[in-house]
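Remarks on the structure that follows.
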There are 2 protein chains.
Amino acid sequence: MSRRFSRPRLSPRVRAWLVGGALLLAGYGLGRAQPILFRPPLVPGQDAVTDAASREARVTLERVGGPVLNIEPAQGPARLLLVFYPGGLVRPQAYEWLGRALAAQGVQTVIPAFPLDLAVTAPNRAGALIEHYAQGRPVVLAGHSLGGAMAAQYAAGHAGQLAGLVLMAAYPAGNVSLKGQSLPTLSLLAEHDRVAAPDAVRGGLARLPDGAALTVIPGAVHAFFGRYGPQRGDGVPTVSRAQAEGDMLRAITGFLAALEGATPAQR
Amino acid sequence: MSRRFSRPRLSPRVRAWLVGGALLLAGYGLGRAQPILFRPPLVPGQDAVTDAASREARVTLERVGGPVLNIEPAQGPARLLLVFYPGGLVRPQAYEWLGRALAAQGVQTVIPAFPLDLAVTAPNRAGALIEHYAQGRPVVLAGHSLGGAMAAQYAAGHAGQLAGLVLMAAYPAGNVSLKGQSLPTLSLLAEHDRVAAPDAVRGGLARLPDGAALTVIPGAVHAFFGRYGPQRGDGVPTVSRAQAEGDMLRAITGFLAALEGATPAQR
């Protein structure tokens with residue numbers, strides 16, 4: 001063997017330091033990733049009650065292509081199905097308050113738990129949920145933040161299959177457009193949102209169907225759409241969470257009512 | 001040299017594996033510890049508004065032996081100073097809602113940020129805060145969870161210096177007793193708390209001053225005392241956060257009013 005090939009490029013000491021550093025870094029990455037890889041438990045009812053009516057809803061944890069929170073009116077079947085995609089790294093129960101509030105108005109809401117709580121891992125999850133839960137009723141797809149972007153993506157790929165789309169602090173990705181679809185769409189913008197920039201949400205209107213309505217929730221922030229606590233980098237709200245939730249609920253209820261007036265049940 | 005001493009106990013291969021494993025583990029520990037060592041920013045007003053009156057309070061971020069949120073009535077000086085110790089790993093702004101609500105009733109609240117957000121790192125922090133802020137007015141010390149335990153410990157070591165003590169989902173440590181002190185004390189227990197076990201909170205009454213009052217907040221959970229979101233392992237609430245906050249506020253307001261009736265200003 002010639003010396004050229006037997007001589008290592010790096011001295012053993014340097015190699016040891018490099019391998020040691022890489023191991024330290026790998027361990028650090030694992031430690032940082034652990035809370036993302038191992039999500040907190042899915043606990044129905046964690047912080048979901050608003051008033052006596054919302055306490056009445058029937059909430060069950062089911063499995064339809066993965067875990068899903070199913071929230072139904074206490075009395076009789078719902079007229080309409082809402083499929084809700086949570087925001088990134090947010091557990092489904094953070095939006096149970098909305099499902100419970102809508103149940104009092106005859107709406108069924110199903111909120112899937114995505115792998116890693118990232119809707120981007122399965123943006124077409126709505127398909128199996130609609131097949132299982134819709135039973136001929138009109139379906140509205142909704143989502144918060146990353147979940148809203150994925151809801152818009154699903155809607156873009158399934159023209160004519162939804163009765164409505166609700167985006168909360170969200171907008172379609174730059175390469176996704178629903179322009180030209182006749183899909184009734186509501187876009188909710190929290191006035192002091194600093195996570196989904198208001199300009200980006202407004203800009204997203206250009207890629208939503210004609211007639212998409214933007215409703216501003218006064219004084220609200222990004223983290224007020226779900227009950228998961230404050231969010232780093234978010235703005236400072238100037239109203240109570242309860243008031244913001246009331247405004248969101250009124251906007252969504254009005255949108256659904258207009259929808260039901262225009263869309264007869266498809267049974 | 002004899003071979004006995006020059007021969008390593010472990011082969012180089014085994015040593016390399018051990019060192020590598022230790023580095024991986026150390027990195028993992030650093031990754032896990034990072035969110036605890038580097039706390040989220042202290043943001044006044046993050047989720048602190050309840051109604052129009054609470055929006056009026058003056059809130060400033062000051063430094064008195066470390067950062068402290070100072071919450072004062074908009075009109076004129078307060079009659080009473082409340083020093084509040086946050087729960088473990090909870091940022092001070094999670095309790096700003098309480099300070100703002102009390103400000104509308106003429107109470108000043110100061111909430112220190114502890115190193116690592118652990119009151120156990122500086123249980124006597126109240127001393128400097130009282131010296132700086134009390135200015136002859138009666139002082140009530142309060143705390144949530146770990147912060148409550150540390151508040152009780154401070155009270156035990158400073159008999160006669162406080163006008164009152166408020167524990168929220170908290171109790172004195174087993175080796176701390178305020179028995180025999182004539183300190184008016186209120187202990188708040190969340191009915192469905194599963195973090196501070198209700199039995200432990202009730203049991204703690206035996207180490208509180210005679211006449212300490214226990215008030216149960218119906219339907220509430222551990223995480224309803226502060227606005228920091230849901231807490232892993234906590235119980236399931238049966239009331240809204242807003243209703244629980246109202247019940248807490250009424251209990252504290254009633255306690256402070258009784259106190260002020262009994263304790264003239266010490267100026």
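Here is how names work: the chains are called A, B, and so on, in the same order as the sequence lines, proteins then strands, and each is numbered from 1.
- The part of A:R232 that comes within reach of chain B is its side chain, from C-beta onward, which places non-hydrogen atoms under 4.5 angstrom from that chain.
- For chain A, the nearby parts of B:A26 are the backbone and the side chain; heavy atoms of each come within less than 4.5 Å.
- When each of B:A223, B:P40, B:G27, B:S240 is checked for heavy-atom pairs under 4.5 Å with chain A, B:G27 comes out on top.
- Of all heavy-atom pairs spanning A:Q34 and B:Y28, the tightest one is NE2-OH, 3.1 Å.
- Heavy atoms only, all atoms of each residue included: A:G45 and B:P237 are closest at O-CD, 3.3 Å.
- For A:V236, the parts sitting under 4.5 Å from any heavy atom of chain B are the backbone and the side chain alike.
- The nearest pair of heavy atoms linking B:L24 to A:L23 is CD1-O, 3.3 Å.
- Ranked by heavy-atom pairs under 4.5 Å with chain A, the list B:D47, B:V221, B:T50 is led by B:D47.
- Remark: A:R32 CZ to B:R32 CZ distance equals 11.0 Å, nearest 0.5 Å.
- Scanning both residues, B:Q231 and A:Q46, for their nearest heavy atoms gives O-NE2, 4.4 Å.
- Between chain B and the residues A:D234, A:L25, A:V239, the largest count of heavy-atom pairs under 4.5 Å involves A:V239.
- Under a cut-off of 6.0 angstrom, the local environment of CZ in A:R58 is crowded, with over 12 non-hydrogen atoms contributed by other residues, nucleotides or ligands.
- Nearest heavy atom pair, residue B:T238 against residue A:R55, reads O-NE, 2.8 Å.
- For A:P35, the parts sitting under 4.5 Å from any heavy atom of chain B are the backbone and the side chain alike.
- Contact record, B:P230 with A:G229: CD-N, 4.3 Å, taken as the closest heavy-atom pair.
- More than 12 heavy atoms of other residues, nucleotides or ligands lie within 6.0 Å of CZ in B:R194, so this atom counts as buried by the packing criterion.
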